[in-house]
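What follows is a short report on a single structure.
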Amino acid sequence: MSGSHDVDIDKHVRVYITVFVSLMVLTLITVAVGYLHLPVGPAVAVALLIASIKGGLVACYFMHLISERKLIYYVLLSTILLFIVLLLVPLFTVANGTMIKHP
Amino acid sequence: MEIPYTVAAREDTGLNNGKIGIWLFLASEVMLFGALFASYILLRVGSVEWPHGYTILNVPLATFNTIVLISSSVTMVMAWASLMRRRLGTFRLYQGATVALGGVFLVVKYFEYSAKFHHELFPSTNNFLGIYFTLTGLHMLHVIGGMVVNAWLLGPGSKLYATNPEWFTNRVENSGLFWHFVDLVWIFLFPTLYLL
(Lines give C-alpha, C1' and ligand atoms only; values in the text may rest on other atoms or scores of the structure.)
Protein backbone atom coordinates (compact mmCIF):
# COMPACT_ATOMS: atom_id res chain seq x y z
CA MET A 1 0.00 0.00 0.00
CA SER A 2 1.08 3.56 -0.57
CA GLY A 3 2.43 5.63 2.30
CA SER A 4 -0.32 8.28 2.06
CA HIS A 5 -2.98 5.57 2.22
CA ASP A 6 -1.43 4.20 5.43
CA VAL A 7 -1.32 7.70 6.93
CA ASP A 8 -5.03 8.04 6.08
CA ILE A 9 -5.85 4.78 7.87
CA ASP A 10 -3.69 5.89 10.82
CA LYS A 11 -5.95 8.95 11.14
CA HIS A 12 -9.00 6.67 11.14
CA VAL A 13 -7.46 4.48 13.84
CA ARG A 14 -6.78 7.51 16.06
CA VAL A 15 -10.44 8.51 15.69
CA TYR A 16 -11.57 4.97 16.59
CA ILE A 17 -9.52 5.04 19.79
CA THR A 18 -10.92 8.46 20.74
CA VAL A 19 -14.48 7.26 20.09
CA PHE A 20 -13.80 4.10 22.14
CA VAL A 21 -12.63 6.15 25.14
CA SER A 22 -15.63 8.48 24.77
CA LEU A 23 -18.02 5.51 24.70
CA MET A 24 -16.45 4.08 27.86
CA VAL A 25 -16.72 7.41 29.70
CA LEU A 26 -20.34 7.84 28.57
CA THR A 27 -21.15 4.29 29.73
CA LEU A 28 -19.79 5.08 33.19
CA ILE A 29 -21.78 8.34 33.27
CA THR A 30 -24.93 6.39 32.28
CA VAL A 31 -24.44 3.95 35.15
CA ALA A 32 -23.57 6.72 37.63
CA VAL A 33 -26.74 8.64 36.71
CA GLY A 34 -28.69 5.38 37.05
CA TYR A 35 -27.54 5.04 40.65
CA LEU A 36 -28.87 8.54 41.44
CA HIS A 37 -32.41 7.05 41.07
CA LEU A 38 -33.84 10.23 39.53
CA PRO A 39 -37.62 10.55 38.99
CA VAL A 40 -38.78 8.64 35.89
CA GLY A 41 -39.09 11.70 33.59
CA PRO A 42 -35.59 13.15 34.05
CA ALA A 43 -34.10 9.64 34.25
CA VAL A 44 -35.57 8.69 30.85
CA ALA A 45 -34.46 12.00 29.33
CA VAL A 46 -30.87 11.70 30.58
CA ALA A 47 -30.56 7.99 29.74
CA LEU A 48 -31.89 8.47 26.20
CA LEU A 49 -29.75 11.57 25.65
CA ILE A 50 -26.55 9.74 26.60
CA ALA A 51 -27.59 6.63 24.64
CA SER A 52 -28.29 8.80 21.58
CA ILE A 53 -24.85 10.42 21.81
CA LYS A 54 -23.23 6.97 22.12
CA GLY A 55 -25.33 5.59 19.27
CA GLY A 56 -24.43 8.62 17.15
CA LEU A 57 -20.71 8.06 17.77
CA VAL A 58 -20.97 4.38 16.79
CA ALA A 59 -23.02 5.16 13.67
CA CYS A 60 -20.93 8.14 12.52
CA TYR A 61 -17.45 6.75 13.12
CA PHE A 62 -17.51 2.95 13.44
CA MET A 63 -20.17 2.61 10.72
CA HIS A 64 -18.60 5.46 8.70
CA LEU A 65 -21.90 7.28 8.27
CA ILE A 66 -20.10 10.59 8.56
CA SER A 67 -18.62 10.06 5.10
CA GLU A 68 -21.23 7.85 3.44
CA ARG A 69 -23.02 8.20 0.09
CA LYS A 70 -26.30 10.09 -0.21
CA LEU A 71 -28.28 6.95 -1.05
CA ILE A 72 -27.51 5.47 2.37
CA TYR A 73 -28.66 8.71 4.02
CA TYR A 74 -31.97 8.53 2.11
CA VAL A 75 -32.48 4.92 3.18
CA LEU A 76 -31.79 5.80 6.80
CA LEU A 77 -33.88 8.97 6.74
CA SER A 78 -36.94 7.04 5.55
CA THR A 79 -36.23 4.38 8.19
CA ILE A 80 -35.97 6.97 10.96
CA LEU A 81 -39.27 8.57 9.87
CA LEU A 82 -41.03 5.19 9.94
CA PHE A 83 -39.36 4.38 13.28
CA ILE A 84 -40.73 7.62 14.78
CA VAL A 85 -44.21 6.71 13.50
CA LEU A 86 -43.79 3.30 15.09
CA LEU A 87 -42.93 4.89 18.45
CA LEU A 88 -45.72 7.47 18.23
CA VAL A 89 -48.50 4.97 17.48
CA PRO A 90 -48.61 3.55 21.03
CA LEU A 91 -48.26 7.04 22.54
CA PHE A 92 -51.22 8.31 20.47
CA THR A 93 -53.17 5.25 21.59
CA VAL A 94 -52.55 6.23 25.20
CA ALA A 95 -53.27 9.93 24.62
CA ASN A 96 -56.46 9.04 22.80
CA GLY A 97 -57.80 7.29 25.88
CA THR A 98 -58.21 3.99 24.03
CA MET A 99 -55.91 2.30 26.48
CA ILE A 100 -57.58 -0.02 28.99
CA LYS A 101 -58.26 1.98 32.13
CA HIS A 102 -57.18 0.42 35.38
CA PRO A 103 -59.48 0.79 38.39
CA MET B 1 -20.36 -16.13 -14.10
CA GLU B 2 -18.79 -13.28 -12.19
CA ILE B 3 -20.92 -11.46 -9.60
CA PRO B 4 -21.09 -7.79 -10.61
CA TYR B 5 -20.32 -4.81 -8.36
CA THR B 6 -18.70 -6.66 -5.47
CA VAL B 7 -15.81 -4.21 -5.48
CA ALA B 8 -16.52 -1.53 -8.07
CA ALA B 9 -19.29 0.94 -7.34
CA ARG B 10 -22.39 1.01 -9.52
CA GLU B 11 -22.65 4.17 -11.61
CA ASP B 12 -26.20 4.95 -10.46
CA THR B 13 -25.78 4.37 -6.70
CA GLY B 14 -22.10 5.11 -6.26
CA LEU B 15 -21.89 2.03 -4.01
CA ASN B 16 -21.09 -1.65 -4.38
CA ASN B 17 -24.06 -3.97 -4.08
CA GLY B 18 -22.95 -5.54 -0.81
CA LYS B 19 -22.96 -2.15 0.92
CA ILE B 20 -26.48 -1.31 -0.27
CA GLY B 21 -27.68 -4.79 0.68
CA ILE B 22 -26.40 -4.61 4.24
CA TRP B 23 -27.83 -1.11 4.81
CA LEU B 24 -31.27 -2.14 3.53
CA PHE B 25 -31.08 -5.16 5.84
CA LEU B 26 -30.12 -2.92 8.77
CA ALA B 27 -33.07 -0.64 7.94
CA SER B 28 -35.38 -3.64 8.31
CA GLU B 29 -33.65 -4.48 11.59
CA VAL B 30 -34.32 -0.97 12.89
CA MET B 31 -38.02 -1.57 12.26
CA LEU B 32 -37.88 -4.98 13.97
CA PHE B 33 -36.31 -3.64 17.14
CA GLY B 34 -38.39 -0.46 16.79
CA ALA B 35 -41.59 -2.51 16.98
CA LEU B 36 -40.35 -4.16 20.17
CA PHE B 37 -39.30 -0.82 21.69
CA ALA B 38 -42.79 0.49 20.86
CA SER B 39 -44.22 -2.60 22.60
CA TYR B 40 -42.04 -1.83 25.62
CA ILE B 41 -43.40 1.74 25.77
CA LEU B 42 -46.97 0.53 25.39
CA LEU B 43 -46.55 -2.05 28.16
CA ARG B 44 -44.81 0.38 30.50
CA VAL B 45 -47.17 3.32 30.00
CA GLY B 46 -50.23 1.06 30.25
CA SER B 47 -49.25 -0.73 33.45
CA VAL B 48 -50.31 0.21 36.97
CA GLU B 49 -46.92 -0.74 38.36
CA TRP B 50 -43.64 -1.15 36.53
CA PRO B 51 -40.54 -2.28 38.40
CA HIS B 52 -37.25 -0.41 38.12
CA GLY B 53 -34.89 -2.64 36.16
CA TYR B 54 -32.13 -2.28 38.74
CA THR B 55 -34.32 -3.89 41.42
CA ILE B 56 -34.56 -7.14 39.44
CA LEU B 57 -31.61 -7.19 37.02
CA ASN B 58 -27.87 -7.28 37.62
CA VAL B 59 -26.54 -3.81 36.68
CA PRO B 60 -22.79 -4.53 37.26
CA LEU B 61 -22.94 -7.58 34.97
CA ALA B 62 -24.80 -5.62 32.29
CA THR B 63 -22.30 -2.76 32.61
CA PHE B 64 -19.50 -5.28 32.10
CA ASN B 65 -21.30 -6.64 29.04
CA THR B 66 -21.71 -3.11 27.65
CA ILE B 67 -17.96 -2.58 27.96
CA VAL B 68 -17.36 -5.98 26.29
CA LEU B 69 -19.63 -5.18 23.36
CA ILE B 70 -18.20 -1.68 22.83
CA SER B 71 -14.70 -3.19 22.93
CA SER B 72 -15.74 -5.76 20.32
CA SER B 73 -16.94 -2.94 18.07
CA VAL B 74 -13.49 -1.36 18.29
CA THR B 75 -11.70 -4.64 17.50
CA MET B 76 -14.10 -5.12 14.57
CA VAL B 77 -13.31 -1.75 13.05
CA MET B 78 -9.60 -2.33 13.72
CA ALA B 79 -9.87 -5.65 11.85
CA TRP B 80 -11.24 -3.76 8.84
CA ALA B 81 -8.52 -1.09 9.16
CA SER B 82 -5.90 -3.87 9.18
CA LEU B 83 -7.24 -5.20 5.89
CA MET B 84 -7.18 -1.70 4.42
CA ARG B 85 -3.45 -1.73 5.27
CA ARG B 86 -3.21 -5.24 3.75
CA ARG B 87 -2.07 -6.80 7.02
CA LEU B 88 -3.80 -10.17 7.16
CA GLY B 89 -2.07 -11.29 10.38
CA THR B 90 -3.24 -8.22 12.31
CA PHE B 91 -6.71 -8.65 10.83
CA ARG B 92 -6.82 -12.20 12.22
CA LEU B 93 -5.86 -10.98 15.70
CA TYR B 94 -8.56 -8.30 15.81
CA GLN B 95 -11.19 -10.47 14.15
CA GLY B 96 -10.41 -13.30 16.61
CA ALA B 97 -10.74 -10.83 19.50
CA THR B 98 -14.12 -9.70 18.13
CA VAL B 99 -15.45 -13.25 18.03
CA ALA B 100 -14.01 -13.98 21.50
CA LEU B 101 -15.60 -10.85 22.99
CA GLY B 102 -18.92 -11.90 21.46
CA GLY B 103 -18.43 -15.22 23.28
CA VAL B 104 -17.74 -13.41 26.57
CA PHE B 105 -20.98 -11.45 26.11
CA LEU B 106 -22.93 -14.69 25.65
CA VAL B 107 -21.33 -16.36 28.68
CA VAL B 108 -22.24 -13.38 30.90
CA LYS B 109 -25.76 -13.45 29.48
CA TYR B 110 -25.97 -17.17 30.27
CA PHE B 111 -25.14 -16.46 33.93
CA GLU B 112 -27.66 -13.61 34.00
CA TYR B 113 -30.45 -15.77 32.57
CA SER B 114 -29.53 -18.70 34.85
CA ALA B 115 -29.79 -16.48 37.93
CA LYS B 116 -33.22 -15.29 36.83
CA PHE B 117 -34.48 -18.83 36.23
CA HIS B 118 -32.97 -19.95 39.55
CA HIS B 119 -35.07 -17.30 41.29
CA GLU B 120 -38.08 -18.47 39.30
CA LEU B 121 -38.21 -15.31 37.22
CA PHE B 122 -39.48 -16.31 33.78
CA PRO B 123 -40.86 -14.42 30.76
CA SER B 124 -44.32 -15.42 31.95
CA THR B 125 -43.79 -13.95 35.44
CA ASN B 126 -44.77 -10.40 34.49
CA ASN B 127 -44.76 -7.97 31.53
CA PHE B 128 -41.42 -6.47 32.51
CA LEU B 129 -39.68 -9.84 32.38
CA GLY B 130 -41.63 -10.78 29.26
CA ILE B 131 -40.32 -7.79 27.30
CA TYR B 132 -36.87 -8.10 28.95
CA PHE B 133 -36.42 -11.69 27.77
CA THR B 134 -37.90 -10.91 24.32
CA LEU B 135 -35.63 -7.92 23.68
CA THR B 136 -32.44 -9.38 25.14
CA GLY B 137 -33.17 -12.82 23.63
CA LEU B 138 -33.59 -11.36 20.16
CA HIS B 139 -30.47 -9.28 20.66
CA MET B 140 -28.58 -12.39 21.77
CA LEU B 141 -29.64 -14.19 18.57
CA HIS B 142 -28.13 -11.28 16.64
CA VAL B 143 -24.89 -11.61 18.60
CA ILE B 144 -24.77 -15.32 17.71
CA GLY B 145 -25.51 -14.56 14.04
CA GLY B 146 -22.78 -11.91 13.93
CA MET B 147 -20.31 -14.27 15.60
CA VAL B 148 -21.02 -17.01 13.04
CA VAL B 149 -20.34 -14.64 10.12
CA ASN B 150 -17.26 -13.13 11.78
CA ALA B 151 -15.88 -16.60 12.61
CA TRP B 152 -16.44 -17.68 9.02
CA LEU B 153 -14.57 -14.61 7.74
CA LEU B 154 -11.77 -15.42 10.17
CA GLY B 155 -11.62 -19.05 9.01
CA PRO B 156 -12.66 -20.49 5.65
CA GLY B 157 -13.99 -17.16 4.33
CA SER B 158 -10.53 -15.58 4.51
CA LYS B 159 -9.35 -17.69 1.55
CA LEU B 160 -10.87 -14.99 -0.65
CA TYR B 161 -8.14 -12.61 0.52
CA ALA B 162 -5.56 -14.44 -1.58
CA THR B 163 -7.49 -13.97 -4.83
CA ASN B 164 -9.50 -10.79 -4.26
CA PRO B 165 -8.43 -8.76 -1.19
CA GLU B 166 -10.71 -5.81 -2.04
CA TRP B 167 -13.81 -8.00 -2.13
CA PHE B 168 -12.78 -9.67 1.14
CA THR B 169 -12.25 -6.25 2.76
CA ASN B 170 -15.74 -5.22 1.65
CA ARG B 171 -17.21 -8.39 3.17
CA VAL B 172 -15.49 -7.64 6.47
CA GLU B 173 -16.76 -4.05 6.34
CA ASN B 174 -20.32 -5.28 5.77
CA SER B 175 -20.19 -7.86 8.57
CA GLY B 176 -18.71 -5.07 10.71
CA LEU B 177 -21.70 -2.83 9.92
CA PHE B 178 -23.98 -5.55 11.25
CA TRP B 179 -21.81 -6.02 14.34
CA HIS B 180 -21.83 -2.28 15.10
CA PHE B 181 -25.60 -2.29 14.72
CA VAL B 182 -25.81 -5.08 17.33
CA ASP B 183 -23.65 -2.89 19.61
CA LEU B 184 -25.87 0.12 18.89
CA VAL B 185 -29.03 -1.78 19.85
CA TRP B 186 -27.42 -2.82 23.15
CA ILE B 187 -26.46 0.81 23.85
CA PHE B 188 -30.21 1.59 23.95
CA LEU B 189 -31.31 -1.68 25.58
CA PHE B 190 -28.94 -1.31 28.54
CA PRO B 191 -30.33 1.91 30.07
CA THR B 192 -33.91 1.15 29.00
CA LEU B 193 -34.11 -2.24 30.69
CA TYR B 194 -31.53 -2.07 33.48
CA LEU B 195 -31.39 1.51 34.68
CA LEU B 196 -34.87 3.03 34.31
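Computed from a prediction, not measured in an experiment: that's the story for all the values here. Numbers restart at 1 for each chain; the letters A, B, ... are given by sequence-line order, proteins then strands.
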I need the residue from A/A59, A/A51, A/S78 with the largest number of non-hydrogen atom pairs under 4.5 Å to chain B.
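Most pairs with chain B among the choices: A/A51.
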Quick check on the interface: out of A/Y61, A/Y35, A/Y16, who has the most heavy-atom pairs with chain B under 4.5 Å?
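Among the listed options, the one with the most contacts to chain B is A/Y16.
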In terms of heavy-atom proximity below 4.5 Å to chain A, should [X] be classed as side chain, backbone, both, or neither?
X	value
B/F190	side chain
B/L196	side chain
B/W179	neither
B/L15	side chain

Crowded around [X] [atom1]? As in, over 12 foreign heavy atoms under 6.0 Å?
X	atom1	value
B/F111	CZ	no
B/F122	CZ	yes
A/R69	CZ	no
B/F117	CZ	yes
B/Y94	OH	no

When hydrophobic residues are tied together by side-chain contacts of less than 4.5 Å, even through go-betweens, does [X] share a cluster with [Y]?
X	Y	value
A/L49	B/L193	yes
B/F188	A/L88	yes
B/V30	A/I80	yes
B/W186	B/F64	yes
B/F25	B/F181	yes

Does any non-hydrogen side-chain atom of [Y] lie less than 4.5 Å from one of [X]?
X	Y	answer
A/L65	B/W23	yes
B/T66	A/K54	yes
A/H64	B/E173	yes

Let me know if [X] has heavy atoms under 4.5 Å from chain B in its side chain, its backbone, both or neither.
X	answer
A/V40	side chain
A/L76	side chain
A/L71	side chain

Enter the distance from [X]:[atom1] to [Y]:[atom2] here, rounded to the nearest 0.5 Å.
X	Y	atom1	atom2	answer
A/H37	B/L195	NE2	CG	9.5 Å
B/T13	A/I72	OG1	CD1	8.5 Å
A/L28	B/I67	CG	CD1	6.0 Å
A/I9	B/R85	CD1	CZ	7.0 Å

Please determine whether side-chain contact (heavy atoms from CB on, under 4.5 Å) holds for the pair A/L82 and B/M31, giving the CA-CA distance in whole Å, both sets of side-chain angles, and the decisive distance to 0.1 Å.
CA-CA 8 Å; A/L82 289 169; B/M31 298 312 286; 3.5 Å; yes
Close contacts, residues 70-78 of chain B versus chain A, judged by heavy atoms under 4.5 Å
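The list, in residue order, reads B/I70, B/S71, B/S73, B/V74, B/V77, B/M78.
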Do you know which two heavy atoms are closest between [X] and [Y], and how far apart they sit?
X	Y	answer
A/L86	B/A35	CD2-N, 3.1 Å
B/G34	A/L87	O-CD2, 4.3 Å
B/I187	A/G55	CG2-N, 4.1 Å

A/H12 and B/W80 aromatic ring geometry - parallel, tilted or perpendicular at 30°/60° bounds
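Rings of B/W80 and A/H12: perpendicular, over 60°.
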Highest number of heavy-atom pairs under 4.5 Å with chain A: which of B/T192, B/V185, B/L184?
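Most pairs with chain A among the choices: B/L184.
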